[in-house]
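Working notes, beginning with the structure itself.
Chain letters run A, B, ... following the sequence lines, proteins first and then strands; every chain starts at 1.
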Amino acid sequence: MEYNFQEIEQHWQEEWEKAQAYRVSNQSERKPFYVLDMFPYPSGAGLHVGHPLGYIASDIYSRYKRLQGFNVLHPMGFDAYGLPAEQYAIQTGQHPEKTTNQNIARYIEQLRKIGFCYDWDRMVRTCDPDFYHWTQWAFRKMFLSYYDETRQQARPIEELVARFEKEDPTWNTLSEKEQQERLMQYRIAYLSDTKVNWCPELGTVLANDEVSEGLSVRGGFPVEQRVMRQWSLRVSAYAARLLEGLDKIDWTESLKETQRNWIGRSEGAEMQFRIKGQDEPFTIFTTRADTVFGVTFMVLAPESEYVARVVTEEQRAEVEAYLDRCKHRTERERIADRRVTGVFTGSYAINPLTQNEIPIYISDYVLAGYGTGAIMAVPAHDSRDYAFARHFNLPIIPLIEGADVSEQSFDAKEGKMVNSGFLNGMEVKDAIRAMKQYIEKEGIGRVKVNYRLRDAIFSRQRYWGEPFPVYYKDGMPYMLPEECLPLELPEVSDFKPTKDGQPPLGHAQYWAWNTETQQVVDKALIDEKTIFPLELCTMPGFAGSSAYYLRYMDNKNTDALVSPQANQYWRQVNLYIGGTEHATGHLIYSRFWNKFLFDMGVVCEDEPFSKLINQGMIQGRSNFVYRYIGEGSTGNLYISYNLIDNPEYKDKVQPIHVNVNIVHNDILDIDAFRNWMPEYKNAQFVYADGTTDVDNPYIGTPAEKQYICGWAVEKMSKSMFNVVNPDDVIAKYGADSLRLFEMFLGPLEMSKPWDTSGIDGVHRFLKKLWNMYEAPIDAEPTREELRSLHKLIKKITWDIENFSFNTSIPAFMIAQNELSSLKCNKAAVLREIAVLLAPYAPHIAEAMWHKCGGEGFVIDAEWPVCNEAYLEEDGVKYPVQFNGKMRFVLTLPKTMSKEEVEQAVLSNADTQKVLAGATPKRVIVVPGKIVNIVL
RNA sequence: GCGGCAUUGGCGGAAUUGGUAGACGCGCCAGACUUAGGAUCUGGUUCCCAAAGAGUGAAGGUUCGAGUCCUUUAUGCCGCACCA
C-alpha cells in the first residue's frame, strides 16, 4: 500500500486530540521533566520553516523522555504584546487584540499540523488579563521590595522603613513625599529620571537601535536626548548573583560568556582626588591603581555631577558650548565618531601620591553611567587617554620598564614598574595589590567591584502592553491593592500618542483610580482626595516573557502565579530551547525575575533554566535566474547558471531573485516561472545544454531542457522570494518528512541554509520504511535482525541524550536498509523501530505501531533497551581508552586474522607481564600494529 | 580592540573517550524497467589512478597512533565594545 502521509497524519492527529493524549497532570507517580520552547511572537507573516527547528528538537526530546517514563511538561504559548501589532493598528485602525488573535489562531493551526505533543490546555498568552495579572503582581512586589546588600537578597520595603526609623533620627521628620522619594532610591522597581531617545514627531521613546544618525529609522524624524521620568528595574543589584549563577547551569559556554560580558564584572578601586582650592574631593574608579604615579590629567563625563563644581568662570562659556554639543549627539553617533573631543574645565586636581597639580577635562569618551563618571587618565598605559593626551598636548609618563610610548600606549598588564615611587621594581599585578592596600590604609580610596550591567528601563509610551498597577498622588506613584489586580488595559479612541505628547493611554476616558471604591473611574472625576490619575505608560516586551515558564506549571490558578505544590513538583525548566538572540535580553531578565521571586519565596529554584540549547538560525537559500542584458537584449532572455561565465554571456547577465518555490534542486520549473509574474509570461531561455528556444518558441518544455538556477544563502525574507512555508512542505511531503528533514539539515546548534534538495531523500526513506510494514508476522526474529535493531536502539538513545538529532536519520536509513535486505517482517522488531521513530516522526510511527499489533498510543509505549549481547560478534568496535601502563606495541604481520592476532597478543611475554594474571575483557586490534587491551 | 565558534569530497554533513576519515543524504556517472518521466530499482562516486601514494584551511608539537589534544597562523561567522 502506498504511503499516504496525508491520511496517516490527519487520522492520528485527530485520534490524539480525541483521546487528549498529550494532556499533562501535576499529579503523577512519574518523575517530572519540563521541556520548554521560547514562545513566539505571533507575527502577521505566519511561521516559516525556520521557526519550527527548535520546536521539533524539543518535541523529540519531550517524546523521548515520556517514552522513558517521565511525566513531561511541554507547553506552548504566545508572547502576544508587541510593537508590530500596535503599528498595524495605527495604520489600519484595527484593534491590536483583533490582529493578535488572528495571528495566534494561524500559528496554532500551523503548529498543530507539524504534530507537536504540546498540552494545548496549558497555553498562555501574555495579553490575557489572567496572565498579565501576575506580571503586574510581580511588578508590584518589586516596587514593595528593596535589595539588602548584606543579605544579598530582596526584602520587603517595610524592613528598610523599620531600619530608617531605628537608625536615622531625621526619618520621622520627613514629609510623606520626602519619605517616598527616599525609598524610591532603594526599590527594586523604581521611578527615576533617565536619559532616553525621544522622537517628538512619533511621540515616543525609541531604543538605540531604532535611531540612526540622529533620525528615527522609521520615518526619518529628528530624535533628541531627553531626560524623562521612567520606571526601571534594579537588575544591577543582582549583578553578582547573575554572574555566579552561570556556574551552576548547563548552558553553552559561548552563551554564558556573552552574559558574563554583558554583566561585565571588573575589580578595581575607587580613589578620592582633591580639587585645588576646594575641600570636597571627587571620586574616580580605576582597575589600574598601580598607575597613579602616571596620572597627568583627569576626565569627567559631560553629564557628571562634578562638572558644575569644577568649571571656572573663564572656561564656563567654552564648557557649556561643549556640553550642548554632546547633548545633541545620540549614544550611537558618539560611538560611531571616535574623534577626540573635550574641553578644559579650568580646575586642577591634586595627585594624592605625587601632590602634582593635574588639569581636569571634560570629554564624552568617559561615560556617566559607569563607575563614578570620572577617571584618572594615564596616557602611557591606556590607548584612549593616550589619544586624548596627544590631541591636547598633555604629558605622557611611562610607568613600565621598557615600554615605548612614543607611538602608542602600552596597555598590557605586565612588566616592572618604574617612575612609581614605592612601587618601583614590582610586577604590575603586585603593584596593583600594593597600591590598593596603600590607598585603603591612607583612607584615600577603597577596593571596589564594578559591573557594567545597567538597570532595565521598564516604561514604554505604547498602548499594546501590560498597564502598570500604579496611580499617582502628589507626584509620587502608589501601587493598587493586590486584590484589585489585574488592572485591565482600557479601550482608547486612538492608538497614537495624544496631542500634548502623552502615551496612547492618555486617550482613555476611564483611566483614574478611586482609592475609596477601589475602582477604575472616569478621569474627569480626578480630585486631590480620593481619585487619582493612573500610569499612562505600559510595560516593555520582556515583562510578559520573564516568568511565563512558571505560569505553564499552573496556568489555571486564579489565586497565585503558581501554587507552591505545582512549583515544587516541576521546580524548573529542565531543557530550554531557543535562539541565541535572547542572550542579553530575555535570558537575563528571566533570570533576574526568577531570582527576585526566589527571594520572595514564591519559587523554589534560584535559576529558571537548568539546561539551555540554542538552535541555529535557518537562513534562506535564494535562487536566481540570469537575464541577458548584453547586445541585442530584449530583456526577455534568461541564461542557465552553468553558462553565465561563457565569454558570450560573461558580465552581460543580471541575476534576478526567483521564487524558490518554483525551483526544484536548482532546476527552474519553466511553466511555473512563466505564470509567476506577467513580465515573465513570454520568457525565453538558453538551457543548460546550450540550446535555446529563442528562434523556435513553444509552450511547454521537453524534459531534457533544463534551466539551472544560481543560488545564494541570504536571510529568509519576502523580498528575496526565499521564504518557505511549512504548510507547503507538509502538503507535499507530510509533517513527518518535514520533521525528519529539519533535523537532518545539520547540527541543531548551527546556522544553516534551508536547502530543499535533500528532502526527497528523507521522504523516500519514509516511503521505503512504510513498505517494510506491509505484512508483519509474529515470528521469532533472527539474531541478525536483532543485531540491526539493537544497534539502532543504542544509536538513537545516544543521539537523543546528546541532542545529536541529525545523526539519527542516517541510522534509521541504515537499519531500514539492513532489515529490508534481510527481508525482515517480524512484528516484534518492527514495533520497536516504530517506538524509536516515534519522537522523530510521530504520525508514521503511530501507524506502524498499530500495524504491528501495538496497543494504545506509541507515545505510551516503553523505550527499548539495547542488549549489548546482540552486538558482540559482528565486529562492531567500541574504542576504549587505555591507561599508560597498558600501552605497548607489537609488530604483527598484516595477514593475520583477528583471532590469530588476539592469540598472538595474549601469549606475548609483554602482555603477560602487564596482565599479571588478569583476564582481558576485550582485545582491540587496529590492522597494522596497535593493540589495545581492556581489562 | 576583547571574547566565543567554526574550517573535512562537487554540496549538506558523519566520525560518540585520541584508534581503519569521508557514514547518510543531495548531486553526478553507469545500468535495469519504461511510450514518456521531477517515478522506481541496482551498482559506482575524496584525489591521483594500472599500481603505489596523497589526503580533514596552513605550519609546527605531543603520541605507537591526531579531523579530534597543545602552540603559532590564515580565513569566515557570531557576540560585546570609548566600561577606565
- Query: How should the glycosidic conformation of B/G9 be described, syn or anti, under the criterion that syn lies within 90° of 0?
  - Reply: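 In terms of base orientation relative to the sugar, B/G9 is syn.
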Taking the side chain of [X] as heavy atoms from C-beta outward, which of [options] is closest to it?
X	options	value
A/T584	B/A84, B/C80, B/G4	B/C80
A/K767	B/C82, B/U40, B/A84	B/U40
A/E257	B/G3, B/A14, B/C24	B/G3
A/K732	B/C82, B/G13, B/G38	B/G38
A/R452	B/A14, B/C80, B/C82	B/C80
A/S254	B/G38, B/A84, B/G4	B/G4
A/T286	B/A15, B/A84, B/G4	B/A84
A/K752	B/G13, B/G79, B/A84	B/G13
A/R764	B/G25, B/A23, B/C26	B/C26
A/T807	B/A14, B/U40, B/C80	B/A14

- Considering only heavy atoms, which members of residues 739-748 of chain A lie under 4.0 Å from some atom of RNA chain B? A/F744, A/L745, A/P747
[X] [atom1] to [N] [atom2]: how many Å, rounded?
X	N	atom1	atom2	value
A/D755	B/C24	CG	P	20 Å
A/L453	B/C80	CG	C1'	13 Å
A/Y733	B/G38	OH	P	14 Å
A/R260	B/A81	CZ	C1'	18 Å

- Message: Walk me through whether A/F388 and A/F297 qualify under ring pair (Phe, Tyr, Trp, His ring centres under 6.0 Å).
- Response: CA-CA 10 Å; A/F388 195 86; A/F297 57 102; 5.3 Å; yes
- Query: Parallel, tilted or perpendicular: which describes the rings of A/W676 and A/F673, with under 30° parallel and over 60° perpendicular?
  - Reply: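 A/W676 and A/F673: tilted rings.
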- Message: I want to confirm an ordering. Mapping A/G761 and A/L255 to their closest nucleotides on RNA chain B, which one lands closer to the 5' end?
- Response: A/L255
- Message: Need to verify one output field. Residue with the more 5' nearest nucleotide on RNA chain B, A/P810 or A/S266?
- Response: A/P810
- Less than 4.0 Å between a side-chain N and a carboxylate O, is that true for A/K767 and A/D760?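 No.
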Which part of the nucleic acid, if any, lies within contact of [X], taking any heavy atom under 4.0 Å across all strands shown: a base, the sugar-phosphate backbone alone, or nothing?
X	answer
A/K256	nothing
A/I759	nothing
A/N261	base
A/N806	sugar-phosphate
A/T580	nothing
A/R454	base

- A/R433: partners by salt bridge (charged side-chain N to carboxylate O under 4.0 Å, His left out), with sequence neighbours left out: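 Only A/D430 meet the salt bridge (charged side-chain N to carboxylate O under 4.0 Å, His left out) criterion with A/R433.
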- Message: Once salt bridge (charged side-chain N to carboxylate O under 4.0 Å, His left out) is applied, do any residues pair with A/R288, and if so which ones, sequence neighbours excluded?
- Response: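 With sequence neighbours excluded, A/R288 shows a salt bridge (charged side-chain N to carboxylate O under 4.0 Å, His left out) to A/D290, given in chain and number order.
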What interatomic distance, in whole Å, is found between [atom1] of [M] and the corresponding atom of [N]?
N	M	atom1	result
B/U68	B/U8	C1'	12 Å
B/A59	B/G9	P	15 Å
B/C24	B/U45	P	11 Å
B/C28	B/A66	P	38 Å

- Query: Do the side-chain N and O atoms of A/T341 and A/Y322 include a donor-acceptor pair separated by under 3.5 angstrom?
  - Reply: yes
- Query: Is the NZ or CZ atom of A/R591 both under 6.0 Å from the centre of the six-membered ring of A/W251 and within 45° of that ring's axis?
  - Reply: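 Verdict for A/W251: a cation-pi partner in A/R591.
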- Residue pair A/A583 / A/T258: nearest heavy atoms and the distance that separates them: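 Result for this residue pair: CB-CG2, 4.0 Å.
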- Determine which nucleotide pairs with B/U42, using a 3.5 Å limit on both distances of a Watson-Crick or G-U wobble pair. B/A30
- Message: Taking only side-chain N and O atoms of A/Y365, does any of them lie within less than 4.0 angstrom of OP1 or OP2 on B/A84?
- Response: no
- State yes or no: are the ring centers of A/Y840 and A/F812 separated by less than 6.0 Å? yes
